[in-house]
Amino acid sequence: MNKPSKPSQPASTSNFIKHVIESDLSAKKHIAIRTRFPPEPNGYLHLGHAKSILLNFGLAKEYGGSCNLRFDDTNPEKEEQEYVDSIIDSVKWLGADFGGKALYASDYFDKMYECAEYLVTSGNAYVDSQSADEMKKNRGDFTHPGVDSPFRSRSSAENLSLLKEMKDGKHPDGTHVLRAKIDMKSQNMNLRDPAIYRIKRATHHRTGDKWPIYPMYTYAHPIEDAIERITHSICTLEFEDQRPFYDWLLNKLADGKLLERPLPQQIEFARLNLTHVLLSKRLLIKLVEDKHVDGWDDPRMPTLAGARRRGYTAEGFRRFAERIGVSKANQMIDYSILEDCMREHLNEIAPRRMAVLDPIKLVIENYPEGQEELMDVPNHPQKPEWGKRQVPFSRELYIEREDFTDAPEKGYFRLFPGNKVRLRYAYVVECEGWHNGVVRCRYLPETRSGTPGADSVKVKGNIHWVSKKHAHQSEVRLYDRLFSAERPDRTEHLNPKSLNVIQAQLERNLAGTEAGAVQFERHGYFMADRGGFNRTVTLRDSWTRQ
RNA sequence: UGGGGCGUCGCCAAGCUGGUCUAAGGCACCGGAUUUUGAUUCCGGCAUUCCUAGGUUCGAAUCCUAGCGCCCCAGCCA
């Protein structure tokens, strides 16, 4: 018997973020690092978020620092408590330690507003009263510099009273916006006086109707980081152009003594791209609303809630994150890598069971009618310490339709007339033929597993079975990828065969409330869910692949 | 088109203050061994080459120059 696999211990490879952290630490810039995972509560967490979560929390753990879970709830129109709850749930499930207390950008609204007044009085921000269209027009484009707003030169006294009026709800939505005063001619579009506060009469899921104005992400995020004393603010590549503003803002505010140094540093990495999955929030919502799937936690969904029901494990995700690494080069990861990580972990933790998914009957003609035996079956062939269980054996069994053929192709070594095969953990049988949909064979009594004669007859094939009389019928959901296209971007790419619900015959030990992950031998890993089993991932198969 | 990034084996990815790089590791793939899961495990193989072309140097994936390719930016979204 093989030794249990040793836990794969990938020498945690280095990456550019670790270099920055290590040099900051050795330069004593920080005594300990603090990172953060800052989702907007406007949807369910998906596979892409897993990379970010594992990166941020992983770094904190590796360097003995900490990592905050912070909701970036600055746009009340899109955000809901339902999302907050599901996000917390998923983050915990992934095993991330955020100290048990989630933080909220909305808790800093007062401080942010105070900072805004400072910016206005120090001449670094102004209230613009152009329409959105005018602002857009005056921003210019890649080749043309923007032009200053006619309101750009308002006095700071006027700006301050206008800002206060905005805050006090004296102006309708869209009539004014607070802008940072930087450079309308900057080559970086983000520095052409970015909007930092807008008037928006929307009820916030936490602050209710207290605020008629809300800070923009661009403005809020750096302040959130600084307030929480984040040392390394890790985000995805598309925010690179935002970094100059991040630094500009924080330095102004630190100069004004509104924030403390050392200031957080933004670092960008490439987001996860996976083949065959779609992570666009808009389309994910469409899948749910148009009932292409059964909710956000449908096991086919690329959400963490769905992955969990599918049977994916947090440890599997950790291995995945370790495998794919972190860099600034856009990556396109094949979905099979994720599956392989799950398979690798499940192989270590899933007890083995027998289940016939596509049953046909097999009758052992020379086995006494009415006789039953209990076979000792190991719960995990590589882990004898997991013990054995007893599985009833009798004259009539279910076997897998695929395990019999009357016209064997070259290389096929399972059941066909004249061939011998072992009924796993039981006897070797010889196939006599096939009649009325029933496979007939004779068993060799001396070959019972575990007895001295077990190996007296050598066979290549080894198939699983379930005693017909003792079988436990159950619903099993076989999942395939949701999208057949490698890079799906519309519902037309949906795989019509992504779900196949069947009634399977399981060994009776699978009945009842036994939970968690199991391996159906020779099939794959399955997760008990809602009265049945979900196929998490199949076993590797070098035969049908040929 | 202006700006910001990125380009090392089929997919990721170390290396990038020049020599120990005829380039680490993982996945995939190809052998071969073990195996009562065509699974697992084990052992072996797998880039004279680092987007291209020049240059600097005794010596370059690492420095310089010029190209090429891909990604991101013109929300009162995040």
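None of these values were measured; they are calculated from a predicted model. Proteins come first, then strands; the chains are lettered A, B, ... in the order of their sequence lines, and each starts at number 1. These numbers come from the heavy atoms of this one structure, side chains and all, not from hydrogens, waters or symmetry mates.
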Can you tell me if A:W211 uses its side chain to pair, donor with acceptor, with the backbone of A:K167 under 3.5 Å?
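Not confirmed, A:W211 side chain does not pair with A:K167 backbone.
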Looking only at atom types and distance, does a side-chain atom of A:K383 sit under 3.5 Å from a main-chain N or O of A:P378, one as donor and one as acceptor?
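Not at all, since once roles are kept as given, no pair shorter than 3.5 Å links the two residues.
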Does [N] have its OP1 or OP2 closer than 4.0 Å to a side-chain nitrogen or oxygen of [X]?
X      : N     : result
A:S14  : B:G15 : yes
A:R522 : B:U35 : no
A:Q331 : B:C11 : no
A:T218 : B:A78 : no
A:R192 : B:A74 : no
A:S542 : B:A39 : yes

Whole Å only: how far is the [atom1] atom of [X] from the [atom2] atom of [N]?
X      : N     : atom1 : atom2 : value
A:N273 : B:G7  : CG    : P     : 15 Å
A:N330 : B:G69 : CG    : P     : 17 Å
A:H380 : B:U36 : NE2   : P     : 15 Å
A:H276 : B:C11 : NE2   : P     : 15 Å
A:K460 : B:U34 : NZ    : P     : 12 Å
A:H144 : B:U1  : NE2   : C1'   : 8 Å

How is [X] classified with respect to the nucleic acid when contacts are heavy atoms under 4.0 Å: base, sugar-phosphate, or nothing?
X      : value
A:I337 : sugar-phosphate
A:R343 : nothing
A:G450 : base

Selection from [options] that lies nearest to any side-chain heavy atom of [X]:
X      : options             : answer
A:N462 : B:U36, B:C77, B:C12 : B:U36
A:R139 : B:G75, B:A39, B:U36 : B:G75
A:K200 : B:A39, B:C76, B:C77 : B:C77
A:H19  : B:U1, B:G38, B:G15  : B:G15
A:E240 : B:G38, B:G4, B:G26  : B:G4
A:A132 : B:C76, B:U36, B:A39 : B:C76
A:F142 : B:C73, B:C6, B:C12  : B:C73
A:Y412 : B:A78, B:G38, B:G15 : B:G38

Between the base of [N] and the side chain of [X], is there any donor-acceptor pair under 3.5 Å?
X      : N     : value
A:D241 : B:G3  : yes
A:R540 : B:U40 : no
A:Q382 : B:U41 : no

Planes under 30° and centres closer than 5.5 Å, is that true for A:Y217 with the base of B:A78?
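Here the ring of A:Y217 and the base of B:A78 are not stacked, as the 5.5 Å and 30° limits are not both satisfied.
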Starting at the 5' end of RNA chain B, which residue's closest nucleotide do you reach first, A:N15 or A:E40?
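Nearest-nucleotide comparison on RNA chain B picks A:N15.
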Taking for each residue the nucleotide of RNA chain B with the nearest heavy atom, is it A:F239 or A:M189 whose nucleotide lies nearer the 5' end?
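So the residue in question is A:M189.
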Any chance CD of A:E80 has more than 12 other-residue heavy atoms, nucleotides or ligands included, within less than 6.0 Å?
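Above 12, so yes.
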Check ion pair A:R70-A:E224 (N to O, under 4.0 angstrom)
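Between A:E224 and A:R70 there is a salt bridge, with a charged N closer than 4.0 Å to a carboxylate O.
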Pair A:E40 + A:K281: basic N to acidic O under 4.0 Å
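Not counted as a salt bridge, because no side-chain N and carboxylate O are separated by less than 4.0 Å.
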Would A:N419 and A:Y412 count as having a side-chain donor-acceptor pair, cut-off 3.5 Å?
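There is no such pair between these side chains.
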Assigned glycosidic conformation for B:G15 [threshold 90° from 0]:
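B:G15: anti glycosidic orientation.
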Given A:R414 and A:E400, is the salt bridge (Lys or Arg N to Asp or Glu O under 4.0 Å) satisfied, shown in steps?
CA-CA 11 Å; A:R414 281 112 88 174; A:E400 215 65 58; over 6 Å; no
